Structures are given as C-alpha cells and as structure tokens.
Amino acid sequence: MTRTGRGGARRAVRGPVTEGAARAGFAALGVIYLLVGALALQIAFGERQHQADPGGALAELAAKPFGAVLLWAVGLGMAGMALWRLSQILFGSDEPDGRTPKKRLLAAVRFVLYAVVAYSVLSFAAGPGASGGPSSDRRSRDVTARALEAPAGQWLVGAAGAAVVVAGVWIGVQAVRRDFHEELHLGRMGPGARRLVDVTGVAGGAARGAVFAAAGAFAVSAAVDYEPERAKGLDDTLRSFADTPLGPWLLVCVAAGLVLFGVFSFAVARWRRV
C-alpha cells in the first residue's frame with residue numbers, strides 16, 4: 001500500500017499540472033533574460049541610467065501596458081518552476097540518473113533559487129508603487145560584508161566565489177558541448193527549430209556562463225582583499241565587461257548572448273523533456 005500510494009503521488013506530481021508549471025517557468029525565465037539582456041545593450045550604447053539586473057527588468061516590465069498582469073504572470077511562472085524542482089527533490093526526474101543524491105541536491109539548490117526569485121517578483125507585483133528594490137550590486141556588497149565579518153569569513157566568501165566561477169565555466173562548457181540536447185525532444189523539431197535551438201543555446205549559455213564566472217571572480221577578489229566593495233551583482237558585473245580592453249563591444253556581445261538565452265528559454269519551454 002505504501003508503494004502504491006507513493007507511486008500515485010509521483011504520478012500526480014508528474015502530471016499535466018506540474019508539466020505546465022515547468023513550461024511556464026521556463027517561459028518566465030526567458031522574459032527575465034530578454035529584459036536583462038536588452039537593458040545591458042542599452043548600457044553598452046551609452047544609456048547608463050538603466051539597471052541591468054532582475055530588479056531593473058521588473059521595473060521595465062511594470063512600465064509596459066498591462067505591466068501588473070505581466071508581473072503576476074512572470075512571478076507565477078517562476079513559482080511553477082520552483083514547484084517542478086520540488087517534485088524532482090521528492091521523486092527524482094526522468095533522466096537516467098535522475099534519482100541520485102547528486103541530482104536531488106542540484107534540484108534542491110535550484111528550488112531555493114527559483115523560490116526566492118518567485119517571491120521577489122510576486123512581492124514586487126503585489127506592492128503598489130514598489131520600486132525594483134535594492135539593486136543586485138547593493139545586495140551583493142551587503143551580503144559579502146556580513147559574510148566577511150563571520151568566523152573564517154574570508155575563506156567562506158572565497159570558497160563561494162570560487163564555486164560560482166567553476167559553475168560559470170561549467171555552464172559555458174555544457175553549452176558549447178550542446179549537452180542541452182539530452183533534455184530536449186529533438187525528434188519533434190524541424191530543421192529550422194533545431195538550428196535556432198543550437199545557436200541560442202550555445203551562444204546564450206556561453207554568455208550566461210561568462211557572467212557567472214566574472215561575478216564569482218569579483219567575490220574571490222573581495223575575499224582576498226577583505227573589501228566588500230569589490231563584490232559585484234549582475235548589473236556591475238555586466239558593466240565591467242565594458243571596462244576591458246575590448247571596450248563596450250564585449251558588453252554588447254555578452255548582452256546579446258543573454259537575449260539569445262532568453263529566446264532559448266522559450267524554446268526549452270516548448271520542447272523540454274519534463
């Protein structure tokens with residue numbers, strides 16, 4: 001009876017409701033990346049007052065016609081993504097190694113991340129007259145400062161930054177290797193859709209990995225020098241690409257890559273194995 005009940009719960013969790021929630025989550029993620037990438041492009045071309053992070057993206061979305069409706073849709077979509085990740089923690093995924101402790105741990109990390117994002121978006125949508133809240137840069141500096149004050153704080157911040165660097169490199173490597181093919185229903189795609197997925201998945205994933213790696217490197221620098229101000233959120237990390245010898249054109253490339261990742265997320269919402 002226990003096995004039957006567990007099997008019934010697993011089938012219920014993996015039913016059409018959870019599948020729809022996951023696909024809505026990928027679509028919501030696509031909206032956020034599209035907006036952040038577009039804001040970063042505007043910064044690259046001289047409009048420095050924009051904030052290229054989720055807070056800036058939400059503010060832009062709220063300013064659009066039917067902005068409140070769009071905000072609620074994105075927030076509920078991210079909540080759906082969190083629900084899907086929770087189901088993977090409880091019952092595993094349909095991947096060959098989807099029930100291993102490693103996969104469940106990864107699902108747990110993603111669940112926390114998407115739950116926080118969903119809460120932030122829904123809080124912003126529910127708060128009349130709310131702004132985008134503290135920027136990602138300010139939050140990063142505040143969190144880093146508090147972490148550095150803890151026992152062994154420098155080691156903790158340095159280790160966390162190094163982990164983000166490794167994660168960024170791994171994200172980029174997976175994108176270039178097209179590992180995302182394993183998660184998609186490739187047989188259901190036409191030749192044009194397949195090319196679109198490959199271009200947006202590789203370019204978008206590489207750009208996303210570069211941003212993660214750069215943000216992690218700034219955290220490591222903050223730990224080594226014991227200077228919280230060296231830590232950067234998404235907005236400052238993106239702006240830092242314009243300060244390299246390649247100038248604003250590197251930021252243009254990274255920002256365009258984030259836009260492409262947004263497009264890729266829409267494709268994933270359509271063809272992801274859920």
Side-chain angles (χ1 to χ4, degrees), residues 29-30 32-57 59-60 132 134-145 147-148 154-155 157-180 196 198-265:
L29 192 65
I32 292 174
Y33 271 100
L34 278 174
L35 290 172
V36 171
L39 290 171
L41 281 172
Q42 293 180 44
I43 291 171
F45 289 114
E47 298 184 22
R48 312 292 285 187
Q49 74 272 20
H50 292 289
Q51 184 178 310
D53 60 12
E60 284 290 310
S135 70
S136 59
D137 307 313
R138 177 180 167 186
R139 286 196 298 269
S140 295
R141 289 191 292 268
D142 290 346
V143 170
T144 302
L148 287 174
Q154 280 184 283
W155 289 102
V157 173
V164 174
V165 171
V166 172
V169 172
W170 183 238
I171 288 171
V173 169
Q174 285 185 310
V176 172
R177 287 168 38 181
R178 303 182 186 182
D179 288 355
F180 51 81
L196 175 68
D198 281 347
V199 170
T200 57
V202 172
R208 183 167 170 255
V211 173
F212 269 77
F218 286 124
V220 172
S221 176
V224 171
D225 297 330
Y226 205 82
E227 294 184 12
E229 293 298 318
R230 288 185 177 272
K232 297 182 185 294
L234 178 57
D235 181 64
D236 271 354
T237 298
L238 287 169
R239 292 174 190 269
S240 69
F241 286 104
D243 299 328
T244 64
L246 294 177
W249 290 109
L250 180 57
L251 176 55
V252 169
C253 292
V254 173
L258 295 181
V259 171
L260 290 176
F261 189 81
V263 176
F264 174 72
S265 297

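In this text, all values refer to a predicted model and were calculated from it rather than measured experimentally.
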Quick check: does any side chain N or O of Y226 sit under 3.5 Å from a backbone N or O of L148, one acting as donor and the other as acceptor?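 Confirmed, Y226 side chain pairs with L148 backbone.
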
Is it the case that the side chain of S265 and the backbone of F261 share a donor-acceptor pair, with hydrogens and angles ignored and the cut-off at 3.5 Å?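 Between the backbone of F261 and the side chain of S265 there is a qualifying donor-acceptor contact (under 3.5 Å).
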
Could you report the tightest heavy-atom contact between [X] and [Y], atom names first, then the distance?
X    : Y    : answer
G161 : A219 : CA-CB, 3.8 Å
A40  : A52  : N-CB, 3.9 Å
L39  : Q51  : CD1-O, 3.4 Å
P228 : T144 : CA-CG2, 4.0 Å
A57  : I32  : CB-O, 4.4 Å
V157 : A223 : CG1-CB, 3.8 Å

Under a 4.0 Å threshold between the charged nitrogen and the carboxylate oxygen, would D53 count as salt-bridged to R139?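 Salt bridge absent between R139 and D53.
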
Give, for atom [atom1] of [X] and atom [atom2] of [Y], the distance between the pair rounded to the nearest 0.5 Å.
X    : Y    : atom1 : atom2 : value
K232 : R141 : NZ    : CZ    : 8.0 Å
D225 : Q154 : CG    : CD    : 9.0 Å
D235 : I43  : CG    : CD1   : 5.0 Å
L34  : L258 : CG    : CG    : 10.0 Å

Can you give the donor-acceptor pairs under 3.5 Å from side chains of residues 199-216 to other protein atoms, not counting sequence neighbours?
{"from": "T200", "atom 1": "OG1", "to": "L196", "atom 2": "O", "distance (Å)": "2.7"}
{"from": "T200", "atom 1": "OG1", "to": "V197", "atom 2": "O", "distance (Å)": "3.4"}
{"from": "R208", "atom 1": "NE", "to": "Y33", "atom 2": "OH", "distance (Å)": "2.8"}

Test log, rule side chain to side chain contact (heavy atoms under 4.5 Å, CB included), inputs V252 and F45: CA-CA 8 Å; V252 169; F45 289 114; 3.9 Å; yes

List for me each residue that meets salt bridge (Lys or Arg N to Asp or Glu O under 4.0 Å) alongside D243, sequence neighbours excluded, and say none if there are none.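 Once residues adjacent in sequence are excluded, D243 has no partner under the salt bridge (Lys or Arg N to Asp or Glu O under 4.0 Å) criterion.
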
Are side-chain heavy atoms of [X] and [Y] found at a separation under 4.5 Å?
X    : Y    : result
S140 : F218 : no
T244 : W249 : no
L238 : V36  : yes

